[in-house]
Amino acid sequence: MNLNEALEMAVRTGPGLLRPHNEDAVFGDAALGLAILADGMGGYNAGEVASGMATALLAGSLIGTLDDREPQQIDAAGVRVAHRQLRDRIDDANAEIYFAGQNQPKFAGMGTTLVVAWFYDNLLTVAHIGDSRLYRLRGNLFDRLTRDHSLLQEQLDSGIISAEDARFSLSKNLVTRALGVDLAVEPEIRDFSVEPGDVYLLCSDGLTDMVDDLEIGLALRELRENPAGAADELVQMAIDGGGRDNVSVVVVKVRGDFPARAGW
């Protein structure tokens, strides 16, 4: 199958109940095998600018600047092309956002989380910065594939706070890594095998702060054959849970194999 036949994507985003505007930005294109989600932060309108810049810059450049290379190939330095491409394009986006913040006072200090899912050759490469997440449903096993770059995650890892207490922590939304805040940023990049039947979820913390992982997993299991219905249901669950933040999701259903074309 080609990517457009093998993958089905549903993209949803909204402001929630309390925020006057939406600082999340999302992109999904099954034909490219690419999904991107960013959750902006900053002063009035600045977060919206940062997340919009991140998704637009990466959606426009990540695939288009491959220069006839294939993402699954290994380059002369022994690095997978997809990894090199993600680092380079994320570096570019980070610099664009950082200097926009430096040069325009109204955008000072703006930044954004980022999670990118790139599907190719029956593989998934994930790059993420901050606390937007990627989950996978495989069979009945629901797993989080990203680890938050946040103060709360560090407190959990060190045993300072319990998982139960973490639900009510005041430091829940303090990220330790964000795109565009500093001149350099280090994305976390990992590869995963992909199997037909898998369901992947990219989401902002507007979902995970309102709905726990157990309920998210149950919703995806129930609607695994209907990505659009699953995306709508997850957004509604966040609204029903209080809708205190913008909420964005991308649901990806893997319908079949998508091996690289012959010769690669």
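Below, all heavy atoms of this structure are taken into account, side chains as well, without hydrogens, waters or symmetry copies.
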Query raised in the report: Judged by modelled atom types alone, do Gln85 and Arg80 share a side-chain donor-acceptor pair under 3.5 Å?
Result: no

Report task. Can you measure from OG (Ser132) to CD1 (Ile36) and round to the nearest 0.5 angstrom? Result -> 12.5 Å

Query raised in the report: Can you tell if the side chain of Asp131 reaches within under 4.5 Å of the side chain of Thr208, non-hydrogen atoms only?
Result: no

Query raised in the report: Looking at Ala10 and Ala231, what are the two nearest heavy atoms and their distance?
Result: CB-CB, 4.0 Å

Report summary line: In terms of heavy-atom contacts, Arg12 and Ala228 come closest through NH2-CB, 3.5 Å

Requested in this report: May I ask you to decide if Arg84's main-chain N or O and Arg87's side chain share a donor-acceptor pair within less than 3.5 Å?
Outcome: no

Query raised in the report: Is the backbone N or O of Ala31 less than 3.5 Å from a side-chain atom of Asp29, with the two atoms forming a donor-acceptor pair by type?
Result: yes

Query raised in the report: Are any side-chain N or O atoms of Asp75 and backbone N or O atoms of Ala77, one a donor and one an acceptor, separated by less than 3.5 Å?
Result: yes

Query raised in the report: About how many Å separate OG of Ser51 and CE of Met110, when rounded to the nearest 0.5 Å?
Result: 9.5 Å

Query - Residue pair Ile129 / Thr112, side-chain heavy-atom distance below 4.5 Å - result: no

Requested in this report: Check whether Leu57 and Leu86 end up in the same hydrophobic cluster, where Ile, Leu, Val, Met, Phe, Trp and Tyr are linked by side-chain heavy atoms less than 4.5 Å apart.
Outcome: yes

Query raised in the report: Is it true that a side-chain atom of Arg224 and a backbone atom of Gly139 form a donor plus acceptor pair closer than 3.5 Å?
Result: yes

Query raised in the report: What residues form a side chain to side chain donor-acceptor pair (under 3.5 Å) with Asp213, not counting sequence neighbours?
Result: Tyr135

**Report entry** Path from Phe119 to Val115 over hydrophobic side-chain contacts below 4.5 Å
**Finding:** yes

Query raised in the report: Does Val211 share a hydrophobic cluster with Leu220, counting links as ILVMFWY side-chain heavy atoms below 4.5 Å and allowing steps through other members?
Result: yes

**Report entry** Least distance between heavy atoms, Ala100 atom then Phe107 atom
**Finding:** O-CB, 4.2 Å

**Report entry** Between CZ on residue Arg144 and CG on residue Leu201, distance to nearest 0.5 Å
**Finding:** 12.0 Å

Query raised in the report: Going through the distances and angles, do Thr55 and Val26 end up as a side chain to side chain contact (heavy atoms under 4.5 Å, CB included)?
Result: CA-CA 7 Å; Thr55 53; Val26 286; 5.9 Å; no

**Report entry** side-chain hydrogen bond (donor to acceptor under 3.5 Å, both in side chains) between Asp148 and His128, worked out
**Finding:** CA-CA 9 Å; Asp148 293 348; His128 88 283; 5.9 Å; no

Query - Leu66 reachable from Leu62 in the ILVMFWY side-chain graph, under 4.5 Å edges - result: yes

Query raised in the report: Short question: side chain of Asn246, backbone of Arg19 - any donor-acceptor pair under 3.5 Å?
Result: no

Query raised in the report: Taking C-beta and beyond as the side chain, do Val252 and Val199 meet within less than 4.5 Å on heavy atoms?
Result: no

Query raised in the report: Nearest 0.5 Å, what's the CG-OG1 distance between Leu34 and Thr125?
Result: 11.0 Å

Query raised in the report: Would you say the side-chain atoms of Asp240 and Gln236 include a donor-acceptor pair closer than 3.5 Å?
Result: yes

**Report entry** Which atom of Ile239 lies closest to which atom of Gly16, heavy atoms considered
**Finding:** CD1-CA, 3.7 Å

Query raised in the report: Going from CD1 on Ile216 to CE on Met210, what distance comes out if it is rounded to the nearest 0.5 angstrom?
Result: 11.0 Å

Report task. Check His21 against Glu48 and note the closest heavy-atom contact, atom names and distance. Result -> ND1-OE1, 3.4 Å

Query raised in the report: Do Arg133 and Thr146 come within less than 4.5 Å of each other through their side chains, counting heavy atoms only?
Result: yes

**Report entry** Donor-acceptor pair, side chain of Gln73 and main chain of Glu70, under 3.5 angstrom
**Finding:** yes

Query raised in the report: Is the side chain of Asp143 donor-acceptor paired with the backbone N or O of Leu145 at a distance under 3.5 Å, no angle test?
Result: no

Query raised in the report: Take atom CD in Glu222; do more than 12 heavy atoms of anything else shown fall under 6.0 Å from it?
Result: no

**Report entry** Heavy-atom pair with the smallest gap, counting every atom of Met1 and Gly256
**Finding:** SD-CA, 3.7 Å

**Report entry** Candidate pair Leu17 and Arg244, rule side chain to side chain contact (heavy atoms under 4.5 Å, CB included), full reasoning
**Finding:** CA-CA 6 Å; Leu17 295 177; Arg244 293 193 297 270; over 6 Å; no

Query raised in the report: Under 4.5 Å between any side-chain heavy atoms of Arg177 and Val185, yes or no?
Result: yes

Query raised in the report: If Ile, Leu, Val, Met, Phe, Trp and Tyr residues are connected whenever their side-chain heavy atoms lie under 4.5 Å apart, and connections chain through other members, are Phe142 and Leu134 in the same group?
Result: no

Query raised in the report: side chain to side chain contact (heavy atoms under 4.5 Å, CB included) between Ser193 and Arg138: does it pass, once the steps are laid out?
Result: CA-CA 11 Å; Ser193 64; Arg138 174 171 289 172; 4.0 Å; yes

Report summary line: The single option from Val194, Leu124, Asn122 that satisfies side chain to side chain contact (heavy atoms under 4.5 Å, CB included) with Val254 is Val194

Query raised in the report: Do the non-hydrogen side-chain atoms of Leu37 and Leu114 ever get within less than 4.5 Å of each other?
Result: no

Query raised in the report: Hey, does the side chain of Thr113 reach the backbone of Ala38 with a donor-acceptor pair shorter than 3.5 angstrom?
Result: no

Query raised in the report: How many angstroms lie between CG in Asp39 and OG in Ser204, if you round to the nearest 0.5 Å?
Result: 5.0 Å

Query raised in the report: Can you find a pair of side-chain heavy atoms, one from Val249 and one from Val235, that are under 4.5 Å apart?
Result: yes

Query - Side chain proximity check, Glu195 to Asp198, heavy atoms < 4.5 angstrom - result: yes

Report task. Go through the steps to decide whether Ile97 and Leu179 satisfy the test side chain to side chain contact (heavy atoms under 4.5 Å, CB included), and finish with yes or no. Result -> CA-CA 8 Å; Ile97 296 167; Leu179 192 71; 3.8 Å; yes

Report task. Spell out, as yes or no, whether a donor-acceptor pair under 3.5 Å connects the side chain of Asn2 to the backbone of Asn4. Result -> yes

Report task. Take Arg255 and Glu225 through the salt bridge (charged side-chain N to carboxylate O under 4.0 Å, His left out) test and state the conclusion after the steps. Result -> CA-CA 9 Å; Arg255 298 288 184 191; Glu225 295 301 327; 2.7 Å; yes

Query raised in the report: Would you say the side-chain atoms of Lys253 pair up with the backbone N or O of Leu7, donor to acceptor, closer than 3.5 Å?
Result: no

